[in-house]
Participant: 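Here's a structure for you.
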Amino acid sequence: MASVRDLPNYASLPEAQTKAYAESLDSQDPLQHLRDEFIIPTIEDLQRDTISREGINKDSPKSIYLCGNSLGLQPRLTSERIRAYLDQWSTKGVFGHFKLLKESSELPPWVDIDDAAAAKMAGIVGAAPNEVAVMGTLTANLHLAMASFYRPTKERWKIILEGRAFPSDHYAVESQIRHHNFNVDDSMLLIEPDSAEHPTLSTEKILSIIDRHASTTALLLLPGIQYYTGQYFDIPLITAHAHSKGIMVGWDLAHAVGNVDVRLHDWNVDFAVWCNYKYMNSGPGAIAGMFVHEKHGKVDMEQLQSGQGGYRPRLTGWWGGDKSIRFKMANRFVPIPGAAGFQVSNPSALDLTSVLASLEIFHKTTMKDLRAKSIKLTGYLEYLLNQACSSLLSENEKDTSSIKSALPFSIITPTDPHFRGAQLSVRLSPDMLELVMVELEKHGVVVDERRPDVIRVAPTPLYNTFTDVWNFVHIFQDACSHAQTQLGDGRDPADVGKDGTLMRDTEDQKGWKEIK
Ligand SMILES: Cc1ncc(COP(=O)(O)O)c(C=O)c1O
Ligand SMILES: Nc1c(O)cccc1C(=O)C[C@H](N)C(=O)O
């Protein structure tokens with residue numbers, strides 16, 4: 001795992017606040033060349049309502065894209081590889097499934113393209129290639145995993161998850177409980193934060209809830225990184241603790257994969273699921289991923305042949321079946337050992353091509369190096385935000401004991417880099433969100449808002465720079481100061497339009513609100 005020991009103490013360096021310092025960090029960044037692998041939308045790209053590049057201003061500055069936690073940017077290679085995939089299809093037709101091409105390292109026959117993706121993905125999540133399948137979608141994979149790993153009994157039937165889980169995970173768990181005819185109210189154990197002000201969950205709290213419900217809990221499901229707070233959970237410790245109580249453990253890695261250097265095999269995780277459209281940069285809704293620890297993927301041929309099972313029960317489809325007999329159409333399911341045996345359908349080769357293109361870029365570096373840069377980048381963001389926050393307080397406010405209530409914003413993500421990934425979640429003072437977002441958008445800054453008061457800012461080490469972070473904080477500081485002035489003016493923020501001026505119930509305003 002990447003270490004935080006190399007994190008500079010920015011606060012002790014007077015020059016750290018200057019743009020020249022941010023630029024010097026970029027010039028020393030060993031991963032700086034990777035930014036060129038991505039298409040960064042220009043400010044004009046984002047603001048015009050067409051995609052055509054005809055007649056556009058090529059000199060328009062690039063946006064400051066800090067939203068890789070929601071949708072990662074497009075690698076340049078993606079269109080090249082997808083074009084080649086289209087040629088593979090147009091020139092080979094159905095033979096594209098099996099024909100070995102001279103270009104096969106980039107364009108495997110489609111019948112093997114899932115294996116190629118799993119092999120390239122494995123290192124990203126610290127797994128052996130046979131512990132990973134690139135398949136399905138996150139929520140569908142979560143259902144498939146729970147069908148196999150959530151086997152409730154009268155004695156053990158509960159599922160522990162967080163109270164503020166991403167809605168899809170909450171619904172999936174709820175429906176699995178109902179599917180097994182258990183009562184949701186006494187089966188779904190929700191870990192709630194201590195207070196709305198501090199929405200993170202301490203490891204101690206998680207462990208104590210595990211302890212309290214140890215004998216009746218079947219499954220623990222948590223996110224590697226929490227989508228709202230950006231908190232990175234202690235996966236190895238929590239997993240080991242739950243295991244010591246006989247509980248199965250699954251992790252939703254939507255916000256962790258490609259962000260932090262997880263070691264799923266060594267941490268003995270039972271299963272994990274993730275999507276590939278955030279830090280994995282494979283495109284909106286791209287095919288997802290699933291990890292099944294090798295201990296659960298074994299196939300005992302003797303038992304299987306004698307009709308006694310021989311493999312972990314699961315929901316099956318032909319693509320999880322042994323390749324050597326798959327096309328014999330014998331209707332006797334023999335699972336592929338490992339995660340591939342959990343596949344159901346033949347996967348979209350178009351989608352896998354996009355994942356493979358993105359993985360080519362990941363393979364130009366390592367997760368360890370990306371994480372090392374990420375710790376510095378996010379640490380720098382935190383440092384500059386703290387500086388900006390105190391400079392937005394009036395001298396009067398700085399002197400008072402009520403400094404906390406006067407702060408224009410606070411960071412709700414843990415301050416310890418061990419407990420966060422790239423993302424910082426920033427909670428703004430009441431009513432500021434809309435006003436700040438308008439200003440950020442005007443200046444080509446892309447972050448993500450969670451109403452009523454949080455923005456999530458995620459510098460992504462593959463393509464963001466220290467200068468991006470510096471520029472963002474300066475624009476953000478101005479946006480906060482602008483919002484403070486507007487609110488101080490006694491204007492209702494609901495009446496403030498796209499350009500920050502007052503607007504009342506115009507069509508334009510409605511349209512803008514819908515887009516948000
Ligand atoms: C933590 C988390 N879980 C689940 C989902 C849903 O994923 P999908 O729609 O790809 O199934 C997302 C993102 O949309 C997410 O962030
Ligand atoms: N998939 C999304 C979509 O189609 C629209 C808006 C947002 C999304 C997301 O993926 C949200 C994402 N899970 C997040 O935490 O930001």
Side-chain angles (χ1 to χ4, degrees), residues 46 65-74 121 125 133-147 159-176 190-191 199-201 219-233 235 250-260 262 269 271-291 342 344-345 347-348 351-352 354-355 358 412-413 420-426 433 437 441 446-451 454-460 513-516:
L46 294 177
Y65 193 88
L66 299 167
C67 211
N69 58 324
S70 186
L71 182 70
L73 288 180
Q74 186 183 124
M121 176 67 82
V125 292
V134 183
M135 59 186 266
T137 60
L138 192 166
T139 311
N141 291 350
L142 182 55
H143 275 298
L144 289 173
M146 284 196 280
I159 302 183
I160 301 178
L161 70 162
E162 18 138 35
R164 312 287 163 92
F166 193 85
S168 206
D169 296 26
H170 186 102
Y171 305 151
V173 166
E174 200 171 41
S175 64
Q176 286 282 334
L190 304 177
I191 315 175
T200 51
L201 298 174
L219 176 69
L220 170 70
L221 176 73
L222 286 174
I225 290 189
Q226 217 278 349
Y227 81 97
Y228 180 75
T229 63
Q231 179 181 5
Y232 181 16
F233 290 96
I235 300 178
W251 293 90
D252 173 345
L253 300 183
H255 291 259
V257 64
N259 177 8
V260 287
V262 292
V269 162
F271 73 86
V273 291
W274 60 89
C275 55
N276 282 317
Y277 45 76
K278 299 176 186 293
Y279 297 96
M280 291 309 300
N281 309 312
S282 304
I287 193 164
M290 179 154 160
F291 166 89
F342 286 75
V344 180
S345 296
S348 157
D351 242 33
L352 282 168
S354 183
V355 174
S358 166
I412 59 175
T413 307
R420 68 184 186 209
Q423 170 188 327
L424 292 185
S425 303
V426 180
L433 182 73
M437 287 301 285
E441 200 176 311
V446 186
V447 293
D448 160 288
E449 64 177 341
R450 292 285 142 168
R451 289 177 183 202
V454 166
I455 62 168
R456 301 182 306 171
V457 188
T460 304
K513 285 201 158 159
E514 270 158 28
I515 291 166
K516 299 258 104 195

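A quick note: this is a predicted structure, and the numbers were derived from the prediction, not measured. Order of listing sets the numbers, starting from 1, for every ligand and every atom in it.
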Participant: Would K278 count as a contact residue for ligand 1, given that I'm defining contact as a non-hydrogen atom of the residue lying under 4.0 Å from a ligand atom?
Facilitator: yes
Participant: Can you tell me the protein heavy atom closest to atom 3 (N) of ligand 1 and the distance?
Facilitator: D252 OD2, 2.8 Å
Participant: N259 side chain to A422 main-chain N or O, any donor-acceptor pair under 3.5 Å?
Facilitator: yes
Participant: Can you confirm, on distance only, whether ligand 1 has an N/O atom lying under 3.5 Å from any N/O atom belonging to T137?
Facilitator: no
Participant: Give the residue and atom name of whichever protein heavy atom lies nearest to atom 4 (C) of ligand 1, and the separation in Å to one decimal.
Facilitator: D169 OD1, 3.2 Å
Participant: Check step by step if side chain to side chain contact (heavy atoms under 4.5 Å, CB included) holds for T139 and Y171.
Facilitator: CA-CA 9 Å; T139 311; Y171 305 151; over 6 Å; no
Participant: Would you confirm whether any non-hydrogen atom of the protein falls under 4.0 Å from atom 4 (O) of ligand 2?
Facilitator: no
Participant: Under 4.0 Å from ligand 2, counting heavy atoms only, is it the side chain of R450, its backbone, both or neither?
Facilitator: side chain
Participant: Which atoms of ligand 2 sit under 4.0 Å from any heavy atom of S70?
Facilitator: 16 (O)
Participant: Run the numbers for me: atoms of ligand 2, each under 4.0 Å from some heavy atom of F166, listed by number.
Facilitator: 13 (N), 15 (O)
Participant: Assess the residue pair I160 and L221 against the criterion (side chain to side chain contact (heavy atoms under 4.5 Å, CB included)); give the C-alpha distance rounded to whole Å, side-chain angles, the decisive distance to 0.1 Å, and a yes or no.
Facilitator: CA-CA 6 Å; I160 301 178; L221 176 73; over 6 Å; no
Participant: In terms of residue, atom name and distance, what is the protein heavy atom nearest to atom 12 (C) of ligand 1?
Facilitator: F166 CE2, 3.4 Å
Participant: Output the distance between atom CD (Q423) and atom SG (C67), rounded to the nearest 0.5 Å.
Facilitator: 9.5 Å
Participant: Drop me the distance from R450's CZ to R456's CZ, to the nearest 0.5 angstrom.
Facilitator: 4.0 Å
Participant: Which word best sums up how the rings of W251 and F233 line up, parallel for under 30°, tilted for 30 to 60°, or perpendicular for over 60°?
Facilitator: tilted
Participant: Number the atoms of ligand 2 from 1 as they appear, then name those within less than 4.0 Å of a heavy atom of K278, with their elements.
Facilitator: 10 (O), 11 (C), 12 (C), 13 (N), 14 (C), 15 (O), 16 (O)
Participant: What atoms of ligand 2 come within less than 4.0 Å of a heavy atom belonging to H255?
Facilitator: 14 (C), 15 (O)
Participant: To the nearest 0.5 Å, what is the distance between CE on M121 and CZ on F291?
Facilitator: 13.5 Å
Participant: Would you say atom 8 (C) of ligand 2 has a protein heavy atom nearer than 4.0 Å?
Facilitator: no
Participant: Are any of the N/O atoms on Y227, whether in the backbone or the side chain, positioned under 3.5 angstrom from an N/O atom of ligand 1?
Facilitator: no
Participant: Using heavy atoms and a 4.0 Å limit, tell me yes or no: is Q423 in contact with ligand 2?
Facilitator: no
Participant: Provide, to 0.1 Å, the distance between atom 10 (O) of ligand 2 and the closest protein heavy atom, together with that atom's residue and name.
Facilitator: Y277 CE1, 3.3 Å
Participant: Can you list the atoms of ligand 1 that are under 4.0 Å from a heavy atom of A254?
Facilitator: 1 (C), 2 (C), 15 (C), 16 (O)
Participant: Checking a contact table here: which protein heavy atom is nearest atom 16 (O) of ligand 1, and how many Å away?
Facilitator: H255 NE2, 2.8 Å
Participant: If the cut-off is 4.0 Å to any non-hydrogen atom of R456, which atoms of ligand 2 fall inside it?
Facilitator: 14 (C), 15 (O), 16 (O)
Participant: Using side chain to side chain contact (heavy atoms under 4.5 Å, CB included), reason through M146 and V173 one step at a time and then give a plain yes or no.
Facilitator: CA-CA 8 Å; M146 284 196 280; V173 166; 4.1 Å; yes
Participant: Tell me which one of V260, I225, V269 satisfies side chain to side chain contact (heavy atoms under 4.5 Å, CB included) with I235.
Facilitator: V269
Participant: For ligand 2, find out whether one of its N or O atoms is nearer than 3.5 Å to an N or O atom of N69.
Facilitator: no
Participant: What is the closest protein heavy atom to atom 7 (O) of ligand 1, and at what distance does it sit?
Facilitator: Y277 OH, 3.2 Å
Participant: Identify the residue among N141, D169, L142, V257 that makes a side chain to side chain contact (heavy atoms under 4.5 Å, CB included) with D252.
Facilitator: D169
Participant: Among all protein non-hydrogen atoms, which one is nearest to atom 11 (O) of ligand 1, and what is the separation to 0.1 Å?
Facilitator: T139 OG1, 2.5 Å
Participant: Ignoring hydrogens and angles, tell me if any N or O in the side chain of T413 forms a donor-acceptor pair with the backbone of S425 under 3.5 Å.
Facilitator: yes
Participant: Could you go step by step and tell me if L201 and Q226 meet the side chain to side chain contact (heavy atoms under 4.5 Å, CB included) rule?
Facilitator: CA-CA 10 Å; L201 298 174; Q226 217 278 349; over 6 Å; no
Participant: Output yes when a side-chain donor or acceptor of S358 lies under 3.5 Å from a complementary backbone atom of M280, and no otherwise.
Facilitator: yes
Participant: Taking only non-hydrogen atoms of Y228, do any sit less than 4.0 angstrom from ligand 2?
Facilitator: no
